[in-house]
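Notes follow once the structure below has been shown.
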Amino acid sequence: MLQQTQVSRVLDFYERFLSRFPDLKSLASAREGAVLAQWRGLGYYARARNLHKLARRVVREEAAVYGGVLPTSPRELRALPGVGAYTAGAVASFAYEQRAALVDTNVARVLKRCFAPALHPKRARDLARLWLIADAVLPRSGRAGWTHNQALMELGALVCTARVKHCGKCPVRTLCRSADGELG
DNA sequence: CTCCGGATCC
DNA sequence: GGATCTGGAG
């Protein structure tokens, strides 16, 4: 749901959706129409269809492989419908505490401003470089990586925002290559 | 690279 | 009015 959609907008849909489909099994046994009905109003309906396919694949078709549970490595997650590089990294890091980098729109902006101001995250070439930076600054352990990734995303969501950045309140302004203000 | 939804920010 | 939002598929 959070793919290209603001958290504040997702919250209500998330609660209602999980109330209707509490786990992968219930989602897999539902009709696609029922899933889309819960999704109505949120937009990007391919996400709903992909999530439904994912549930059926994990629970039914490849139950022998997955055992009804999501895999833990980014590479395996990436192979599932609707799961790209970001979502794979987010699930591996946040759900399973694996050591995995993740670059969403927030992290891309933070890393760009902090380490590589000349890059343009919209270009695939430059985004790939930001992924390399994300991996380079990622702590060794999965547990520390969880905190690190949460911190990067929070920084992007609350301080290093897209429209109005708040460099004066930023904890890493002294090492940021794009920071405003009298401090460098 | 384009398309996909719609609320919200500026 | 345009940009932006915890992207991914065709």
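Naming convention: chains lettered A, B, ... in sequence-line order (proteins, then strands); numbering from 1 in each chain.
- Residue contacts for A:L42: at a heavy-atom cut-off of 4.0 Å it reaches a base atom on one of the strands shown.
- Contacts between residues 111-126 of chain A and DNA chain C, defined by a heavy-atom separation below 4.0 Å, involve no residue at all.
- Not counting sequence neighbours, A:R57 has no partner by the side-chain hydrogen bond (donor to acceptor under 3.5 Å, both in side chains) test.
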Compile the donor-acceptor pairs under 3.5 Å between side chains in residues 148-162 of chain A and protein atoms, sequence neighbours left out, one pair per line.
from   : atom 1 : to     : atom 2 : distance (Å)
A:N149 : ND2    : A:S93  : OG     : 2.9
A:N149 : ND2    : A:A100 : O      : 3.0
A:N149 : ND2    : A:G145 : O      : 3.3
A:T161 : OG1    : A:V164 : O      : 2.3

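- The pair A:R99-A:D135 counts as a salt bridge, with a side-chain nitrogen and a carboxylate oxygen less than 4.0 angstrom apart.
- The residue A:A157 sits apart from the nucleic acid: no heavy atom pair falls under 4.0 Å.
- Using a 4.0 Å heavy-atom distance criterion, A:Q3 is classed as a sugar-phosphate-only contact.
- When heavy atoms are screened at a 4.0 angstrom cut-off, A:T5 is found touching base atoms of the nucleic acid.
- Residue A:R163 places a side-chain atom within donor-acceptor reach of the base of B:dC9, judged by atom type and a 3.5 Å distance cut-off alone.
- Closest to the A:Y45 side chain, of the nucleotides B:dG6, B:dG5, C:dG7, is B:dG5.
- Within the 4.0 angstrom heavy-atom criterion, only backbone atoms of the sugar-phosphate kind lie near A:R78; the bases stay farther away.
- Nucleotides of DNA chain B nearest to A:Y44 and A:V164 differ in position, and the one nearer the 5' end is that of A:Y44.
- Taking the six-membered ring wherever Trp is involved, the centroid distance between the rings of A:F13 and A:W39 does not fall below 6.0 Å.
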